[in-house]
Novice: 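Have a look at the structure that comes next, please.
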Protein chains: 4
Amino acid sequence: MSEVIGEARRRSARKRADVLAVACSVVAERGADATRFADVTAATGVGVSTLQYYFGTREDLLIAVFRFAAQSDFDAVGERLAGVADPWERLMAIASHLTGAIGSDTGWRLWVESWRWALRDPELRAEVLGDYTRWHVLLAEIITAGVSAGRFATDAVPMDVARQALALIDGLALPVALGDPQVTGAMAGDLLADALGRLTGLR
Amino acid sequence: MSEVIGEARRRSARKRADVLAVACSVVAERGADATRFADVTAATGVGVSTLQYYFGTREDLLIAVFRFAAQSDFDAVGERLAGVADPWERLMAIASHLTGAIGSDTGWRLWVESWRWALRDPELRAEVLGDYTRWHVLLAEIITAGVSAGRFATDAVPMDVARQALALIDGLALPVALGDPQVTGAMAGDLLADALGRLTGLR
Amino acid sequence: MSEVIGEARRRSARKRADVLAVACSVVAERGADATRFADVTAATGVGVSTLQYYFGTREDLLIAVFRFAAQSDFDAVGERLAGVADPWERLMAIASHLTGAIGSDTGWRLWVESWRWALRDPELRAEVLGDYTRWHVLLAEIITAGVSAGRFATDAVPMDVARQALALIDGLALPVALGDPQVTGAMAGDLLADALGRLTGLR
Amino acid sequence: MSEVIGEARRRSARKRADVLAVACSVVAERGADATRFADVTAATGVGVSTLQYYFGTREDLLIAVFRFAAQSDFDAVGERLAGVADPWERLMAIASHLTGAIGSDTGWRLWVESWRWALRDPELRAEVLGDYTRWHVLLAEIITAGVSAGRFATDAVPMDVARQALALIDGLALPVALGDPQVTGAMAGDLLADALGRLTGLR
DNA sequence: TATGAATGAGAGTTCATTCAT
DNA sequence: GATGAATGAACTCTCATTCAT
């Protein structure tokens, strides 16, 4: 009988995750503040009460979405890096995050949404800052490795370069997400590659 | 008599502008989506109906705020640049935008708010993209001047460098606004100066 | 100087009447309850404050409209009757009121509006009942004349026939105004002529 | 469990109908345009939100009221006709609709309200015209039966007589509802009987 | 575990009206 | 005499949430 319960739980958890994935698109599409239970219901077919049963408060749902999206994003980049050895190519793989390869701009929009939410929610802020650090560390490791390997020639502290790099990625994503005709995804990719090349002292 | 009316109108316009200035803080503080008429009323002492009489819809009010903030921001930087001749110092003057000197982070928060709103409002999007270009052009001019003056040594297209610079500014402002203890305003200023120095080929 | 004032007053009264005429269409179109000052402003170009200056309260305006419309209606029928001598033709002239000849169905709609308003406003009710009586008396006179002239052969009290006649007119106007495809204006005219012929004992 | 749910639904539907019945009086009393949610709340004890949950928009509520009233009216006359065989008496039974026997003048006022609303709402108009036809058909059947039975002697098309009859009923109800002291319910009943007798050729 | 029924709090918006010019 | 500015009151509607099943 405990197995039956276990299976029911698993099924339930599965459904919860499915709902969460769809909710991500909804939040990315409408913005967190404008996302109502009813919107998620419309997108998932799961009744409002059930959503509340799964996630609790509307805020709880949003935070669950943010968490889920942040993790998915990081995981996706991790997978992409798996087979890449060269530091520069690893850097570019992360940068292509920007060109929209990872789920159109859903990921990026959610990132802004959660960032904005974190401005006013201390608990979420801690998580977001943690994520920030994860990315910084990941980038710094790559840069350190690149310097060791003689691929990069820079005297700067790797963590500083990492912060500059992430800032460039974020800052270039803004106009791309907004659809600026003067800064398309491809152009942003080029600008980014050029800037990162200069900042790392790429050989 | 027309003079009297004229004065009434002028006083009215003045009051409108005052309200707008206060509304900026409110929107920066609470976020656009969470800003209710009642919040602006509480902050200004001006009744809800009067706000609607001045601005129309809640959305209209928000857009008026965005417009006002964008203009103020640009004007403020313009003033700051007025007495500065050296290209590098001009660049740094704009960059100090980031360190919060211009108006705590109110300006920056409003920038994100309007950016986010523009994602879903085509009309506002056009304006925001226009503002983007204004900044790009301003930066490019400075870079061009710096190259001519022999202050910067780079073979890159000035407009490209401008875009990289603005991306860095925006991207570094994110963690600062969020209060990341690892990326304070001062540190961000240093990171920015360093990166801009490398990207422009500062001598 | 008193002449100047007199002229100003006359001009003002003229304007007031003009506004009233337009307001009639507005009320007929939108219904009394749904008629706002703003609607009348939109239709006349006269500012809201000016309307209030002319008519006072919104209710006052509506009642002015009802009064104006009732009088216009009665006057219009009076003119139409002026050159008609034969009792039956006089009856038909009044009946053609129904076919919409007098002013599309504006007149009739206003009649229903004022009737409905009179249900809840004692003062207006008195006026509307007075108008009712005016019509009854007019019809009864025609019938009496027709009997005297040997045109009608009925033993009924003329005032009773008048009431039946007016009821028929009102009752047939309802579906016509509603646009019932089974009771068009022309058909209603025939039904009315037939019924009145039978009720008056037309020879 | 499905039984329990079924019962909850049934109870809910019951409550909805109860509310609707009370709402009818409110609308008849105040007029449709002047009926606010708050008025129905005051009369029923059911909260505003609940009314909206049941009926939707304010307009939806009004239309539900109109529908309910129209059906009730028709049903009530149907019951009254059940035991009556003689065509003339059947006609009089319908006519007594006017004398206010069927629920004071609530029914009639609602009829006017829905008629007026139908002027501006196409969907409702279709329904009202349908109701109109129902009454016409009912009356025409009675007249046809009366002619066959030799009770009525008229060469007119039954449907035409039906339309004249309904017009008389409607037209006489107007002054009665308005409380015209010269056309009371009883007098209107006599006028109607007299006129219908003449139009049908009652023997 | 999952879901429909019911409801209160809150917000935007409309509109008549008052006041000053 | 005529009109724009300002404002409060009223109302509808949305939405999260609680309760019962």
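The chains referred to below are lettered A, B, ... by the order of the sequence lines, with proteins before strands, and numbering in each begins at 1.
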Novice: May I ask you to decide if B:Thr41's main-chain N or O and B:Arg36's side chain share a donor-acceptor pair within less than 3.5 Å?
Specialist: no
Novice: Taking the nucleotide of DNA chain E with the closest heavy atom to each, which residue, B:Ala38 or A:Gly47, is nearer the 5' end?
Specialist: A:Gly47
Novice: Could you state the atom-to-atom distance from CG of D:Asp60 to C1' of F:dC13 in whole Å?
Specialist: 12 Å
Novice: Can you tell which of F:dA5, E:dT14, E:dA6 lies closest to the side chain of D:Thr50?
Specialist: E:dA6
Novice: Mark yes when over 12 heavy atoms from residues, nucleotides or ligands other than B:Glu29 sit less than 6.0 Å from its CD; otherwise mark no.
Specialist: no
Novice: Side chain of A:Lys15, heavy atoms from C-beta onward: which of E:dG8, F:dA16, E:dT3 has the nearest atom to it?
Specialist: E:dT3
Novice: Rounded to whole Å, please give me the gap between CG in B:Asp33 and P in F:dC15.
Specialist: 13 Å
Novice: Round to a whole Å and report the spacing from CZ of C:Arg36 to C1' of F:dC11.
Specialist: 11 Å
Novice: Should the ring pair B:Trp115 and A:Trp108 be called parallel, tilted or perpendicular, given that the plane angle runs from 0 to 90° and is split at 30 and 60?
Specialist: perpendicular
Novice: Less than 4.5 Å apart, any side-chain heavy atom of A:Val40 and any of A:Thr35?
Specialist: yes
Novice: Partner lookup for E:dA20, please. Criteria are Watson-Crick or G-U wobble with both distances under 3.5 angstrom; report none if nothing qualifies.
Specialist: F:dT3
Novice: Pick the closest DNA chain F nucleotide for D:Thr35 and for C:Val46 by heavy atoms, then say which residue is nearer the 5' end.
Specialist: C:Val46
Novice: Please tell me which of the listed nucleotides, F:dA16, F:dT7, E:dT18, lies nearest to the side chain of C:Ser49?
Specialist: E:dT18
Novice: Please report the distance, rounded to the nearest Å, between CG in A:Leu61 and C1' in F:dC15.
Specialist: 14 Å
Novice: Out of E:dT13, F:dT12, F:dT17, which nucleotide sits closest to the side chain of A:Gln52?
Specialist: F:dT17
Novice: Can you measure A:Phe55 atom CZ to E:dT3 atom C1' for me and round it to whole angstrom units?
Specialist: 16 Å
Novice: From CZ of B:Phe37 over to C1' of F:dA6, roughly how many Å is that when rounded to an integer?
Specialist: 15 Å
Novice: Can you find a pair of side-chain heavy atoms, one from B:Val46 and one from B:Val22, that are under 4.5 Å apart?
Specialist: no
Novice: Could you check whether D:Tyr53 gets within reach of a base, just the sugar-phosphate, or nothing at all, counting any heavy atom under 4.0 Å?
Specialist: base
Novice: Looking across every strand, which nucleic acid part, if any, lies under 4.0 Å from D:Val48 by heavy atom: base, sugar-phosphate, or nothing?
Specialist: nothing
Novice: If I take atom CZ in residue B:Arg16 and atom C1' in nucleotide F:dA6, what distance separates them, rounded to the nearest angstrom?
Specialist: 15 Å
Novice: Take the protein atom CZ of C:Arg14 and the nucleotide atom P of F:dA2, then report the distance between them rounded to whole Å.
Specialist: 15 Å
Novice: What is the pairing partner of E:dG8, taking Watson-Crick or G-U wobble pairs with both distances under 3.5 Å in any strand?
Specialist: F:dC15
Novice: Please figure out whether D:Arg58 or A:Glu59 has its closest DNA chain F nucleotide nearer the 5' end.
Specialist: D:Arg58
Novice: In terms of the nearest nucleotide of DNA chain E, which residue is placed more toward the 5' end: B:Gly56 or D:Tyr54?
Specialist: D:Tyr54
